[in-house]
Structures are given as C-alpha cells and as structure tokens.
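Right, one structure below, let's go through it.
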There are 2 protein chains.
Amino acid sequence: MTPTRGSAAGNGRVATLSDVAREAGVSLATASRAINGSTNRSVREDLRERVLAAAAKLDYSPNANAQAMARGRTATLGLIVHDIADPFFSTIAAGVTEAADAAGLAVTLANTEHDPEREIGFIQTLQNLRARSIILVGGRQDDDEGNRRLRDALAGYQERGGTAAMVGQPILGVSAVHVDNRGASAELARALHGLGYRRFAVVGGPENHLTARERREGFCAALAELGSPVADDAVVPCAFVRDGGYDGMKELLARGLDVEVVFAVNDVMALGAMTAAREAGLDLPRDLAFAGFDDITALRDVTPTLTTVAIDMVDIGRQATALALGDGGGEPQVVIASGDVVLRESTPGPR
Amino acid sequence: MTPTRGSAAGNGRVATLSDVAREAGVSLATASRAINGSTNRSVREDLRERVLAAAAKLDYSPNANAQAMARGRTATLGLIVHDIADPFFSTIAAGVTEAADAAGLAVTLANTEHDPEREIGFIQTLQNLRARSIILVGGRQDDDEGNRRLRDALAGYQERGGTAAMVGQPILGVSAVHVDNRGASAELARALHGLGYRRFAVVGGPENHLTARERREGFCAALAELGSPVADDAVVPCAFVRDGGYDGMKELLARGLDVEVVFAVNDVMALGAMTAAREAGLDLPRDLAFAGFDDITALRDVTPTLTTVAIDMVDIGRQATALALGDGGGEPQVVIASGDVVLRESTPGPR
DNA sequence: TTGTACGCGTTATCAG
DNA sequence: CTGATAACGCGTACAA
C-alpha cells in the first residue's frame, strides 16, 4: 500500500483549535476568542498574535459543522429552484448568491427539475442541514393539495427557527417577491394596442400555472377594456417551455385565425413560437408580430429583437434574500416586482 | 425530567435523537441504529418500528451537522463557477446537481463572478464546511502565479481528505473534464472550408484565456493546413462575453478586411458579433457568415440559426461529478469531452 | 441484539 | 483577561 498521507476520502489530518491553542501556548478558550472574537474580543494583543500565527502555521481551518453545533446556528442559506439551467432561474440565483455572499452565508442549491415532490424533499434536507433560511423560486400551480403540503413543510421549517421567502405567488404563508404579471401584461397589451394592433392571440402556457394565468388574464383583460377582446380560441394552452411555445403556435396556425400579433407568456416560448411561424412560411415580423415576457439576457440579440416585458431577475434574487434574512417573525411581506414593457423589432406595428 | 434545550436553527425546539429514544423507550444507540440503519441493521423489528413511529410523531429531523461531527464526513459537494447566470455554467450546474442528488449529496454553490481571488476564497469556505469534494468549473487563464495559488489551495484541500475535479484545462493537479476545444475548432474549420469558404476571420476572445486560445489555435491551425491561413490581423482579441463579440466585430469591420465567414469563440460572442455586423448594414447570412461554439440551448431559435460546436454541458457536469467522487487517491484523470460541429443557416456557403 | 459511554471540534458559562 | 469545563447532537467501540 502506498503510504500517501491523507489520500483516502475522509481521513485527512486537519489541525483543530486545540492544536492551535497548544502551539500558541494558550488555552482552548483563548484560541477560540482570538480567532473568532465574537462577543468579547477581550484577548491581549500579544496572545492574539501568537494564536493567529499558530493558526497560520498549522493552516488551521475552523470546522463549520462544529461551530454550527456549538453556536446553535449555521451560515447556510438554501436555494430551491425548478431548473437551474433555465436562464430565468439561474439569473435569480446570481442575485441570491450575491446577496448571500454579502451576508456571509453559503448557498446550498437544490434543483427540483420541476418536480413538486422534490421541492418538499429539499425542504427536509435543508431542515436537516439546519439552513438558516430557505428561498423558494418559481411560479406556483393551481393545486390546493400540493400547495397545502408545501405550506405545511415551510411552516414546520419556520416553527423550528428557520426563515423563508419565495419568488412567485404569495400563497405559501411566507414573504414573497411577486412579479406583477397581470399589470405588466396589461401594460404590454396597451402598448401593442397603441401601436395599432387589433387582432391578438396568446400562446398561453399551462392552464393551472399561476404565472402563465396571470399573464394571460392581465393581457386579455386590458384588451377587453380597450374594445379589442381576444377570442377564446385565440388563446392556446401549452407547456411553459420553448417546445410549448413551438407546439402552441403550430396549434394556433392550424386554427386559421386572422391574427396580427402573438403574445407568448415567456420569452423562450416566444422564440419557439416564432420558429414554428417561420417553418409555416411566415416572414417575421412582417407577416406576424411577437411579444414575450422576462427579457432573458441571452436573447438580446435575436432577430428580430423581441418585444417583451423586462424584469430585473438579479434584483429579484437580492430582494428575496433580503426578505428571507429579515423575516424575523412578523407577518409575511409581499414585494411587488414591476415589469417594464420594451418594444422592439418583433412588433413593428401593423402593416 | 431533563428539559430538552435543543435548538439549532434559531429558537425553535427541534426534537433530538434522545427525544425520539425516550419516546420510543429505547436507548440512544438503538434509536440511532434504527433510524440510520447503516450497514448493520441489527435492530429488532418491533423496536425499529417503535423508533420510527416516535420519530414520525416528534417530527424528528436528524441534525446533519451533528452527524458530520460524529461521522467525520459530510454529505456536501461544493460547486464553484465563474457566473451562474451564464447558460454555459448553469447548464453544467444542472448536470452536477443531478449527479450529486443521485449520490445523496447536497450542493453548495459558489459564484465567483469571474474573480480568481474569490475562487480561492471559496475553496477555503468549502474546506471549513468540510465539503466532501469540490468541482471547479471554468476555463483557466494563462497566469502562472494565479494558477499556482489555486493549485496549492486545491492540493491543501485534498491533503485534508477532500476530493476535487474541474471542468477546463487540466493544469491544477486534479482530475478534469476538458473540452476538446482544439480538435473541435479544427473540425469546424474543415467543415467551413468544405462548404467553400476561403476567407476567414476570428473574433478571438482574451489573449490569455486558455479556452479562447485553444479554439483560436485549433481553428487557425486547421485552416493553415488546408492552405487558407487566417491572416494575423483577421484575429481580433476581445472579452469572452457578448459585448466582447460585439466590440470585436466592430474592430474587425473597421479593419476593412475581405472576409466571408467569422468564427467567434463562443455562441454569445457570435450573437454579439452578428448584431454589430447588422448594425453596420450587413445582411446576414448573405453578406457574412458566422459560427460560434458551445451550442447554448436558449439560442436554438435565433435567426439565422447558428452554426456552432455542440458540447453536452449537462453530461460534462455529470462526468465532473463522477470524477470528483471517484477520485480516491490515484493519479488525476482527464476526460476529453468532444464537440460536434453543427452546420446551420448562419453558414450557407459562399455566394 | 441492546445499552453505556466516549469522542467529534467549537462555543459559551463561570470561576479565577 | 484567561482558563477549565459543560453543552451541542450524534455515531460507534465496547461491554453486557
């Protein structure tokens, strides 16, 4: 056997605080105070230096797990997302990691892959980890049973001293950052109407997906008010992903409606829909205009540039983190994140 | 009796294993064995059931930090990326979380925001957390001093029993998944040459960015072999991001070279470059062809669809995880991830 | 098979 | 200001 030191997983020799104390010739308590200096930084300067020198010499690395035990709290923040590969979620994650880092917290990432069951499972895992707080990101479903279980899980977590916040519909009993899907979609509708469009269609996402629903409803309500209501069969349901937009558009085209502009309830769906339209021989944006929602950064350079509703996802991540960390015990708060309509080439106005 | 003072994540009272044991009327050891049931499940069935029932009744949540202390190892995997908002990294992250989840590990995410200094800082943090292994994702720079420090940090981490792997150039003394940038870029060059293109330019990324360099060199070397060398001034340096591609293209246009096709060393740069070309009045792909690298999923629907080199980022994440977890003590391994040339509309062939 | 008791690395309490 | 020492919650030799 090769006598390699510290090769096998889990058996490396790590200097402990006792080692540091011994090396510095002080007690364990003094070493602890010198290195952490939390409550009372009352350590004589020369001793403090000796300890720090010893720690450096031994390459001391404080054991965060032991600290968690002794302190009764961790420096871990849990982040649960539906799909980290989706730019929407990963950009929010960037905001969360930024804020968490500023607060000195490590982020534990959980990717549910759109499985609500795993969402609950991860709350358990984060509970076991004694994560200080949890941030749940993603639109909710219209599923009373599922929401109830999730709410219970979060409540249990909070009863044990954790704090939580979410991004999405504020229906889980915790503070939330809620995108103003209705208002922004209405704004978008009014802007398109202002451009002269009168015949609209919606590639609308899943029936019980609350975010999709809010966007559909906001859009259609505004148009109804403007006297250009969207016909029922001009709203096609589909999945909330790119392929959903593609399929939804196919379906819409098959219906043979007379449409000037299509609103897809998110950007990637809009792109998928545009591809479907092109495959059907349409010339964009001349033959048909498109609008999306989210303003995904990576899609800034598509052609034609996409009219959409811009939301600041990094900031949403930051705000969710602030809510989670500040959420001491008061009532759950709700922060509304507004969206800005951005008119671009994909909606040049009717011919 | 003894008032349970248990508290870990704040002030909520959490049932401990002792509570469960007492409730079930068994010893702590038995409760531990019944719940963990590691290799030796030597617990009488009725007792085991009593323990499990008690745990369920008390809503027992095992304290992972305490387990880490007692066992001497955690179930945490550290993931360090340059920018989680970048689709390239977030897709790899999806592969890592998938594999980690399958291995029963929690993923701690660290976002360096392209700061090499923070890369080292996070290794320290993960060391403190006693993460079982670390995965470092991102191309390296040609910076001997920086690489040396990083290598030292990783070596220190491994000496203490951690395992590590990376995605990128295998120059840090740990196992790595290395994309075959040179080979794939050469392949791309040959494919473009095969289409009839003869006058090439490269929007080349940063001078000392190893990934950019490998792609530039592979591309140019292949063309030199084919007798269509790329002129020195047809390779413009720029940042490795979208705006870099945009600026690089501006510069390239300013040079007034006679070019048929532009290779940008990654997809987002290619998109930025295309936008710059369009702003200069060019009609794409008729006036100028473009190719990128990575095949970012979100860009599948751009117009014209982008010729690029597809790499399976999710699988790269999986493989990196496998390397990290399997990396017991042997020599660092290197897995080459191949890229597939995908010819699309952006390179229709010369007119 | 079950129980006792010790140890994991730190923090915090309480005397000196 | 410093030093013993008791938790913290759990795993696991060792003993019964």
Side-chain angles (χ1 to χ4, degrees), chain A residues 10-51 55 58 60-75 127-130 160-161, chain B residues 2-51 55 58 60-75 127-130 160-161:
Chain A
N11 251 347
R13 263 287 173 281
V14 189
T16 79
L17 194 53
S18 308
D19 297 333
V20 174
R22 192 179 316 118
E23 173 77 24
V26 300
S27 77
L28 183 57
T30 299
S32 175
R33 288 189 272 252
I35 288 188
N36 185 314
S38 60
T39 38
N40 7 340
R41 56 179 174 192
S42 46
V43 175
R44 227 169 55 208
E45 191 51 28
D46 59 326
L47 281 193
R48 158 179 244 87
E49 279 173 14
R50 283 225 314 265
V51 171
L58 299 181
Y60 170 69
S61 155
N63 185 323
N65 299 291
Q67 293 182 318
M69 292 290 330
R71 296 202 242 242
R73 96 192 105 85
T74 66
Q127 164 73 251
N128 295 350
L129 251 16
R130 299 299 186 266
R160 295 188 176 81
Chain B
T2 24
T4 41
R5 277 198 47 197
S7 83
N11 23 3
R13 302 193 187 85
V14 189
T16 80
L17 194 52
S18 309
D19 298 333
V20 174
R22 192 178 319 121
E23 173 78 23
V26 302
S27 76
L28 221 181
T30 300
S32 174
R33 290 189 269 252
I35 288 189
N36 184 316
S38 53
T39 33
N40 28 350
R41 55 177 176 192
S42 45
V43 175
R44 228 170 53 207
E45 192 51 27
D46 58 328
L47 282 193
R48 153 179 248 87
E49 279 172 14
R50 285 225 311 266
V51 171
L58 299 182
Y60 170 69
S61 155
N63 185 322
N65 299 291
Q67 292 183 316
M69 291 292 325
R71 296 197 239 233
R73 93 193 112 85
T74 66
Q127 163 74 250
N128 295 350
L129 251 16
R130 299 297 187 266
R160 294 189 177 79

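Residue numbers begin at 1 in each chain, while the letters A, B, ... track the order of the sequences.
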Can you see if the side chain of [X] gets near the phosphate of [N] - specifically, an N or O under 4.0 Å from OP1 or OP2?
X	N	result
B:N65	D:dC10	no
B:Q67	D:dG11	yes
B:N63	D:dC8	no

Side-chain donor/acceptor of [X] to backbone N/O of [Y], under 3.5 Å:
X	Y	value
B:D19	B:T16	yes
B:N65	A:L129	yes
B:T74	B:A68	no
A:R50	A:A24	yes

Do [X] and [Y] make a side-chain contact, defined as non-hydrogen atoms from C-beta onward lying under 4.5 Å apart?
X	Y	result
A:Y60	A:V14	no
B:N63	A:N128	no
B:V51	B:E23	no
B:L47	B:R33	no

*asked:* When the axes are fitted on five pairs at both termini, how much does the helix from C:dT1-D:dA16 to C:dG16-D:dC1 curve, in 10° steps?
replied: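 End-to-end axis angle for the helix from C:dT1-D:dA16 to C:dG16-D:dC1: 40°, rounded to 10°.
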*Roughly how far apart are B:R44 CZ and B:T30 OG1, rounded to 0.5 Å?*
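Answer for the CZ-OG1 pair, B:R44 versus B:T30, is 9.5 Å.
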Identify each atom pair where a protein N or O and an N or O of nucleotides 2-4 of chain C are less than 3.5 Å apart, giving names and distance.
residue: C:dT2; atom: OP2; partner: B:R44; partner atom: N; Å: 2.6
residue: C:dG3; atom: OP2; partner: B:S27; partner atom: N; Å: 3.1
residue: C:dG3; atom: OP2; partner: B:S27; partner atom: OG; Å: 3.1
residue: C:dG3; atom: OP2; partner: B:T30; partner atom: OG1; Å: 2.6
residue: C:dG3; atom: N7; partner: B:R33; partner atom: NH2; Å: 2.7
residue: C:dG3; atom: O6; partner: B:R33; partner atom: NH1; Å: 3.4

Rounded to whole angstrom units, what separation is found between the [atom1] atom of [X] and the [atom2] atom of [N]?
X	N	atom1	atom2	value
A:R160	D:dG9	CZ	C1'	15 Å
A:M69	D:dG9	CE	C1'	4 Å
A:R50	D:dC1	CZ	P	16 Å
B:I35	D:dT12	CD1	C1'	16 Å
A:L17	C:dG7	CG	P	18 Å
A:R73	C:dT10	CZ	C1'	12 Å
A:D19	C:dC8	CG	P	11 Å
B:L129	C:dC8	CG	P	21 Å

*asked:* What's B:S32 touching, base or sugar-phosphate or nothing? Going by heavy atoms closer than 4.0 Å.
replied: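 Base, at least one base atom sits under 4.0 Å.
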